[in-house]
Amino acid sequence: MDGSSGLLFPFFDSDTNMVYLVGKGEGNIRYYEILPQKPYFQYLNEYRSNLPQKGIGTLPKRGLDVSTCEVFRFYRLITVKGLIEPVSMIVPRRSESYQEDIYPMTAGTQPALTAHEWLSGINRGPILMSLKPGVKMSQTAVPSEEPRLPAKEPKKTYEEKAPTKTLWEIEYKTEIIREDRAKKRGTERKLEARNSFISNGLDMFECPPPRTENELLQMFYKQQDEIRRLREQVSQRDIQIRQLELEIKNVRNSAAPY
């Protein structure tokens, strides 16, 4: 369609099935017609100018001059001269009467939906109007999909449920458990560091050495019970941490946008 490397501004006129291609930094406007059969995309003509446009805008259909068969109007921003130039696309016809074939019903000024309806997901075509002078705005709408009203939700029976934990609460609890675990590990490391001062399972700093074999066995069993209890606590903490990490992952996945 175009061999230029500049930015392309396409404009589609649904009333006349025409496409206008405007290039940034150029002075040309090419227009094509969309057909239901081959070649589907037919080149019509081209507007040429020596002054390049930096930007371009269009006029709504209700502002066109129907007496001159004007079907489209552009406003070109020409920076080299510091002006905005209007460019009208006019169908060359001699008749001064209203041409209904090139001016079908077009979108009017009245909105077809309220803000509440749009937020509810209702889809409705625009309210159309005629460009014929002296004709009031029509209330006809473009055929569109049937508006899908939000389905009525069944009455919810509120049951007493356990309060759900927020992401912040889960992360906070996980951090506390991790701190406790780090403290326990630090205690274990200190105990391991003091093993060099333990002789035959006895802490020379905290208690005197056993005098009999009975006292030695009692102290040994007591230490074994303490080690077993600490291991069970560490394993329970590990299970709680895994559960909380899974809860964090589920909360993040449910809160992520689709």
Side-chain angles (χ1 to χ4, degrees), residues 1-2 4 6-49 51-78 83-115 117-148:
M1 293 187 297
D2 193 352
S4 175
L7 186 62
L8 200 64
F9 298 116
F11 294 91
F12 175 63
D13 183 5
S14 58
D15 296 340
T16 57
N17 290 329
M18 291 178 61
V19 175
Y20 300 88
L21 298 180
V22 184
K24 184 177 181 181
E26 299 180 0
N28 304 338
I29 301 176
R30 300 175 182 84
Y31 39 101
Y32 305 80
E33 183 180 8
I34 297 179
L35 304 172
Q37 65 277 354
K38 290 185 178 180
Y40 302 113
F41 202 70
Q42 179 67 44
Y43 172 79
L44 295 179
N45 210 332
E46 179 181 4
Y47 167 83
R48 295 185 179 182
S49 174
L51 300 176
Q53 61 256 357
K54 187 175 183 181
I56 195 162
T58 61
L59 180 73
K61 279 296 191 73
R62 57 183 177 272
L64 299 178
D65 186 3
V66 297
S67 62
T68 60
C69 298
E70 183 183 25
V71 293
F72 218 76
R73 187 186 301 176
F74 292 97
Y75 288 95
R76 301 172 59 229
L77 176 61
I78 302 174
L83 57 86
I84 295 177
E85 178 187 30
V87 177
S88 296
M89 300 297 172
I90 297 175
V91 178
R93 292 188 180 180
R94 293 183 179 180
S95 177
E96 296 181 358
S97 60
Y98 181 73
Q99 307 293 317
E100 294 186 0
D101 59 329
I102 60 175
Y103 294 117
M105 300 289 286
T106 189
T109 58
Q110 185 176 350
L113 291 173
T114 62
E117 289 174 338
W118 184 78
L119 291 173
S120 300
I122 300 176
N123 186 21
R124 190 179 299 151
I127 296 178
L128 304 180
M129 64 175 290
S130 174
L131 297 180
K132 189 174 183 178
V135 176
K136 295 183 179 179
M137 183 181 299
S138 173
Q139 299 298 322
T140 306
V142 172
S144 59
E145 298 179 359
E146 290 294 329
R148 297 179 182 177

Practice problem: State, to 0.1 Å, how close Pro10 and Leu8 come at their nearest heavy-atom pair, and which atoms those are. | Solution: CD-O, 3.4 Å
Exercise. Anything under 30° is parallel, anything over 60° is perpendicular, the rest tilted; go ahead and classify Phe41 against Tyr32.
Key: parallel
Exercise. Please round to the nearest 0.5 Å and tell me the distance separating atom CD1 of Ile122 and atom CD of Glu117.
Key: 4.5 Å
Exercise. Please report the shortest heavy-atom distance between Cys69 and Ile102, naming the atom on each side.
Key: CB-CD1, 4.1 Å
Practice problem: Determine whether more than 12 heavy atoms belonging to other residues, nucleotides or ligands lie under 6.0 Å from atom CD1 of Ile34. | Solution: yes
Self-check item: Any donor-acceptor pair under 3.5 Å from Arg124 side chain to Ala112 backbone
Solution: yes
Quiz item: Which value, rounded to the nearest 0.5 Å, describes the distance between Ser88 atom OG and Leu64 atom CG?
Solution: 8.0 Å
Quiz item: Any side-chain heavy atom of Trp118 within less than 4.5 Å of one from Pro111?
Solution: no
Quiz item: Can you tell me how far the OG atom of Ser14 sits from the NZ atom of Lys61, to the nearest 0.5 Å?
Solution: 7.0 Å
Practice problem: Report yes if the side chains of Val71 and Ile90 come closer than 4.5 Å at any heavy-atom pair, otherwise no. | Solution: no
Quiz item: Under 4.5 Å between any side-chain heavy atoms of Arg62 and Thr106, yes or no?
Solution: no
Practice problem: For residues Gln53 and Glu85, determine if any side-chain heavy atom of one lies less than 4.5 Å from a side-chain heavy atom of the other. | Solution: no
Quiz item: Within a strict 4.5 Å, meaning less than it, do heavy atoms of the Val22 and Asn28 side chains meet?
Solution: no
Practice problem: Report yes if the side chains of Gln99 and Val91 come closer than 4.5 Å at any heavy-atom pair, otherwise no. | Solution: no
Quiz item: Is the closest side-chain heavy-atom distance between Leu44 and Arg30 below 4.5 Å?
Solution: no
Quiz item: For residues Tyr75 and Arg73, is any side-chain donor paired with an opposing acceptor at under 3.5 Å?
Solution: yes
Practice problem: Please step through side chain to side chain contact (heavy atoms under 4.5 Å, CB included) for the pair Tyr40 and Glu33, ending with a clear verdict. | Solution: CA-CA 8 Å; Tyr40 302 113; Glu33 183 180 8; over 6 Å; no
Exercise. Give the minimum heavy-atom separation between Glu70 and Tyr103, together with the two atoms involved.
Key: O-OH, 2.6 Å
Exercise. Apply side chain to side chain contact (heavy atoms under 4.5 Å, CB included) to the pair Ile29 and Met89, showing each step before the final yes or no.
Key: CA-CA 10 Å; Ile29 301 176; Met89 300 297 172; 3.9 Å; yes
Quiz item: Charged N to carboxylate O under 4.0 angstrom, Glu26 versus Lys24?
Solution: no
Quiz prompt | Residue pair Tyr31 / Val19, side-chain heavy-atom distance below 4.5 Å | solution = no
Quiz item: Taking all atoms of both residues into account, what is the closest heavy-atom pair of Tyr47 and Arg76, and its distance?
Solution: OH-NH1, 3.8 Å
Quiz item: If you measure from CG on Leu51 to CG on Leu77, what distance do you get to the nearest 0.5 Å?
Solution: 12.0 Å
Practice problem: Drop me the distance from Met105's CE to Ile127's CD1, to the nearest 0.5 angstrom. | Solution: 11.0 Å
Practice problem: Working to the nearest 0.5 Å, report the span between CD of Glu100 and NZ of Lys132. | Solution: 5.5 Å
Quiz item: Do the ring centers of Phe11 and Phe74 come within less than 6.0 Å of each other?
Solution: yes
